[in-house]
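First the structure, in the form of structure tokens, and then the observations on it.
Values below: all heavy atoms of this structure, side chains included; hydrogens, waters and symmetry mates excluded. Everything quoted here is computed from the prediction, not taken from an experiment. First the proteins, then the strands, lettered A, B, ... as listed; each starts at 1.
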2 protein chains.
Amino acid sequence: MAYAGLTPERLTRAGAELADEVGFDQVTVSALARRFDVKVASLYSHLKNSQDLKTRIALLALEELADRAADALAGRAGKDALTAFANVYRDYAREHPGRYAAAQLRLDPEAAAAGAGVRHARMMRAILRGYDLAEPDQTHAVRMLGSVFHGYVSLETAGGFSHSAPDSQESWSRVLDALDALLRNWPAS
Amino acid sequence: MAYAGLTPERLTRAGAELADEVGFDQVTVSALARRFDVKVASLYSHLKNSQDLKTRIALLALEELADRAADALAGRAGKDALTAFANVYRDYAREHPGRYAAAQLRLDPEAAAAGAGVRHARMMRAILRGYDLAEPDQTHAVRMLGSVFHGYVSLETAGGFSHSAPDSQESWSRVLDALDALLRNWPAS
DNA sequence: TGGACATGCCTAAAAGTATTAGGCAAACGG
DNA sequence: CCGTTTGCCTAATACTTTTAGGCATGTCCA
């Protein structure tokens, strides 16, 4: 058999595509081997194991997400930045549901620290520079923003907001309006 | 072998306990059979298949959550109700991480409609009676509350807020304060 | 240029999970 | 007490994960 040219990177990318097509929990070493028309055992020269594959896909997704967010944030501030950043999350989850699910994978602390998690946190704080929040309220606000973005996208992806009026796009806009208003008027302790 | 007394209900409860102990994605028909000291095939008289088991655990968790929330809401209004309701979610997820994960399972629409999802939605709206929100803002607010609660609890469970100051309890309180302020002062379209 | 060595994918095999089909014995109803 | 139902069992198939060891292909050096 000719060389298939397997590498960890190609396997990770293919795994991410597979995740978007069939769901992250359906991503399996076997399925990936089928996709490359190669025997399953062959992948174990490039991947430590199944968990390793999933972790790599998660890290890929976090990087992509951080790259998009950084792009979106460039040259924006205030509500404009808030909206752009939030839309990156939502759009990414809609375009790449499998990757987004992967990004939610619980990573061991060292993998998380090595990954793009830190970039995400820094960008959140950058957005808050457009509002007037001192510590520790800034941290509270960062956590709240993360919760709303992740929570909304996650519920929407699960189908929570479909089949009922008003449509999800409208709620999303109004939720972002509300967040902006809240940040401009954050209640004192 | 003496009769083990298997029923769908007992299997579901045991599955929920198993989920809390080892994680929802580790809940397997085989593991459940081991717990009852019974052969795997025996469970298939009581469960349609693995998916059926997971769905039952999810529905159980949603019921328990709705029961607790209804208790907490009784006799409360306004911010008091908001806080009590939110704490039910958070406490449940901390006490029963496996069950909480199960409650996030994507259910087929018919199972979801039959389940406690409707009760949850109604309780959210009941909380909002303490604030002055007309439709469609009420729906937007319901979606936002759901997003914050689910998102916060989910990120906290994933370890997102540990190992950094201020501690998560403090952020949670301040986020609830912020939500209360926001609902009392919801921005006009 | 031809061998030496490393690399890449293979076969083989063991273990765990999911699921179905059919059997035997205990419980139960008349 | 007998017949039927119920409940758990054995047996078998299929798929996924993972390890061990083999053969061929590509690379590098004399």
To the nearest 0.5 Å, atom CZ of A/Phe24 lies from atom CG of A/Leu18 at 10.5 Å

Can you check the B/Leu11 CG to D/dG7 P distance for me, whole Å? 12 Å

Within a 6.0 Å radius of atom CG on A/Asn49, are there more than 12 heavy atoms belonging to other residues, nucleotides or ligands? yes

Tell me which residues in residues 19-30 of chain A lie within less than 4.0 Å of DNA chain D, going by non-hydrogen atoms. A/Thr28, A/Val29, A/Ser30

Let me know the distance between CZ of A/Arg35 and P of D/dT16, rounded to the nearest Å. 14 Å

Indicate whether any N or O donor in one side chain lies under 3.5 Å from an N or O acceptor in the other, for B/Ser154 and A/His150. yes

Does any residue of residues 41-60 of chain B have a heavy atom under 4.0 Å from DNA chain D, and if so, which ones, in number order? B/Ala41, B/Ser42, B/Ser45, B/His46

Do other residues, nucleotides or ligands put more than 12 heavy atoms under 6.0 Å from the CZ atom of A/Arg122? no

How about B/Ser30 and B/Arg35: does a side-chain donor come under 3.5 Å of a side-chain acceptor? no

Could you tell me the separation between the CZ atom of B/Arg10 and the C1' atom of D/dC8, rounded to a whole number of Å? 14 Å

Regarding B/Asp91 and B/Arg68, does a basic nitrogen lie under 4.0 Å from an acidic carboxylate oxygen? no

With ring centroids as reference points, do B/Phe161 and B/Tyr152 lie under 6.0 angstrom apart? yes

Would you indicate, yes or no, if C/dT17 has its OP1 or OP2 atom less than 4.0 angstrom from a side-chain nitrogen or oxygen of B/Arg34? yes

Could you please spell out the steps behind the salt bridge (Lys or Arg N to Asp or Glu O under 4.0 Å) verdict for B/Glu17 and B/Arg99? CA-CA 8 Å; B/Glu17 285 162 25; B/Arg99 283 159 150 100; 5.4 Å; no

